[in-house]
Amino acid sequence: MFAADSPRVTLFFVIFATINNTKNMEKTWRWFGKSDKITLAMLKQIGVEGIVTALHDIPNGEVWTVEAIMDLKNYIESYGLRWVVVESLPVCESIKYGGEDRERLIANYKESLANLGRCGIHTVCYNFMPVLDWARTELDHKWADGSTSLYFNKVKFVYFDCYILKREGAERDYTAAELAAAAEMDKTMTDADKAALVDTIIVKTQGFVNGNITEHDNNPVELFRNLLSLYKGVTRDVLRENMRYFLEAVMPVCNEWDMNMCVHPDDPPMQLLGLPRIVCCDEDIEWFLNAVPDPHNGLTFCCGSLSAGAHNDVPALARKYAKRTHFVHLRSTDVMPNGDFIEADHLHGRANLIEVCRIFEEENPDVPMRVDHGRTMLGDEDKGYNAGYSFHGRMMGLAQMDGVMAAVKELVKKKIC
């Protein structure tokens, strides 16, 4: 067999997919509701089968009513599509750090889960990341071909933490070389540069979907400091126990209504800003699955998030946890020796999506997948799409993965792989 990322294998997959229209993992797309500039009619034309979305207009912690769920579900179905996965029904910060209103918020969460089940929607992707859902330092890092993608620059993040956020004790989390590089960066950073970094790390990556901070907030840095302060004294073990408490509380509802809860790995899978992160690696995944061993407690297998950690062998994790995976995000990253990482082409990068697709075809072929993130290209930059969620870039990724899945399905059937 050729190497998985060789040009000959890639060409074979593309040719094979063209002539063989077999069914694979359900192809879904993250869609941000009726106001999304990417319409359901557009998605129908490019071969999307299922929709991944949420009730983005309902504030975090409030109950999703049957009426609100059915309104959006019926709208999606009017285009010949179906609402496959909720991404996400947000877990409020107070549940994560164990605030005084935790019981009320969990009760509301359980009611929303039951209402989703009543409406025939049975998979919920969520995360248990404190404060930051995901972290990048650049939203439009330019490639040689003129397209752009998300990028994480470690020194820029150190600079944000130490010079803008000015978090107490931040310097203890970084190497002498990283601190020296951040000090050198400080000599050339303008006010505009600093504002752009704040907008990227605090606002753009947090505010576009039920975020803690939005673009309308006047002092995002101070609001961000306040959010961090809520986790004072919350250690890794405390956060783990709060996750166990939450999962044990919702599992009876999940069993009654056949609701699959699938946690998203931390993005990136490493400790940030002094916050505990508990879904970063094999040990973490094994812990939360064993802590609440109900089959409805499962994983969103995000190849991109996991591959951003050099410590993770993504295909090995897929092989180990395929049976407990309820949803798959197909994307890949390249990680640099200095800790930087960038979104890779869907056929390349360290996630090895070709092998991951083969594993899921063998172990869990009915799991829904969505192509996650994509380059900004071919006029996407002028459309105002959410960061990482371009149309043409994701459409190209979907076409690539559709070809891979069709080829892998046939090869597995013939026992060639």
Side-chain angles (χ1 to χ4, degrees), residues 127-142 149-191 193-202 204-206 220-221 224-225 227-229 231-240 265-285 287 302 304-314 317 332-344 349-351:
N127 77 71
F128 220 78
M129 290 177 258
V131 183
L132 279 174
D133 281 1
W134 52 291
R136 301 293 188 276
T137 59
E138 299 171 43
L139 305 180
D140 53 1
H141 185 85
K142 187 159 286 188
S149 69
L150 307 179
Y151 190 91
F152 182 88
N153 181 301
K154 181 67 177 293
V155 172
K156 277 190 176 182
F157 196 84
V158 174
Y159 180 87
F160 166 79
D161 195 5
C162 295
Y163 289 84
I164 297 177
L165 189 61
K166 299 178 181 177
R167 179 174 61 90
E168 183 180 354
E171 65 280 356
R172 294 194 294 268
D173 292 345
Y174 306 111
T175 67
E178 289 168 344
L179 292 171
E184 191 64 26
M185 181 178 287
D186 188 48
K187 297 176 182 178
T188 59
M189 287 288 283
T190 66
D191 288 343
D193 293 333
K194 295 174 186 177
L197 200 54
V198 168
D199 187 55
T200 295
I201 295 176
I202 297 181
K204 285 290 195 306
T205 55
Q206 307 306 311
V221 174
F224 196 69
R225 291 193 187 105
L227 285 169
L228 293 178
S229 70
Y231 286 86
K232 187 175 182 180
V234 177
T235 64
R236 174 182 173 82
D237 287 342
V238 169
L239 189 63
R240 274 185 164 185
D266 298 335
D267 185 9
M270 60 192 72
Q271 308 307 302
L272 296 175
L273 304 175
L275 296 167
R277 310 265 278 189
I278 58 172
V279 192
C280 293
C281 60
D282 185 11
E283 178 195 350
D284 290 345
I285 297 170
W287 180 86
C302 180
S305 297
L306 292 168
S307 69
H311 54 279
N312 287 325
D313 181 334
V314 179
L317 292 174
S332 186
T333 64
D334 282 314
V335 179
M336 291 65 159
N338 64 355
D340 291 7
F341 65 87
I342 190 169
E343 306 282 349
R350 65 183 310 273

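In this structure, Phe224 and Leu165 approach most closely via the heavy-atom pair CD2-CD1, 3.7 Å. Residues Asn127 and Met129 approach most closely at OD1-N, 2.9 Å, considering heavy atoms. When every heavy atom of Ala310 is checked against every heavy atom of Val335, the shortest pair comes out as CB-CG1, 4.5 Å. Of all heavy-atom pairs spanning Arg350 and Ser332, the tightest one is N-OG, 3.4 Å. In this structure, Ile342 and Leu150 approach most closely via the heavy-atom pair CG1-O, 3.5 Å. Nearest heavy-atom pair, Cys280 versus Asn312, reported as atom, atom and distance to 0.1 Å: O-ND2, 3.0 Å.
In this structure, Ser307 contributes its side chain and Thr333 its backbone to a donor-acceptor pair below 3.5 Å.
Looking at Val198 and Lys194, their side chains never come closer than 4.5 Å, going by heavy atoms from C-beta outward. Between Pro268 and Arg277, the closest side-chain pair of non-hydrogen atoms falls below 4.5 Å. Side-chain contact between Ile164 and Ile201 is absent, with no heavy-atom pair separated by less than 4.5 Å. Within the 4.5 Å cutoff, the side chain of Pro130 has heavy atoms near those of the Leu239 side chain. Side-chain contact check for Asn153 versus Glu138: some heavy-atom pair is nearer than 4.5 Å. Residues Ile278 and Arg236 form a side-chain contact, since some pair of their non-hydrogen atoms from C-beta on lies under 4.5 Å apart.
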Handout entry: side chain to side chain contact (heavy atoms under 4.5 Å, CB included) between Leu197 and Thr137, intermediate numbers included
Key = CA-CA 6 Å; Leu197 200 54; Thr137 59; 4.1 Å; yes
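A salt bridge is defined here as a Lys NZ or Arg NE, NH1 or NH2 lying under 4.0 Å from an Asp or Glu carboxylate O, and Lys156 with Asp193 fails to meet this definition.
Tyr159 and Tyr163 have parallel rings, their planes meeting at less than 30° on a 0 to 90° scale where 60° marks the start of perpendicular. Using cut-offs of 30° and 60° on the angle between ring planes, the pair Phe152 and Phe341 is parallel.
Checked against Asp161 for a side-chain contact (heavy atoms from CB on, under 4.5 Å), the options Lys166, Glu171, Arg167 give a single hit: Arg167.
Remark: Asn338 pairs with Met336, Asp340 by the side-chain contact (heavy atoms from CB on, under 4.5 Å) rule, at least two apart or across chains.
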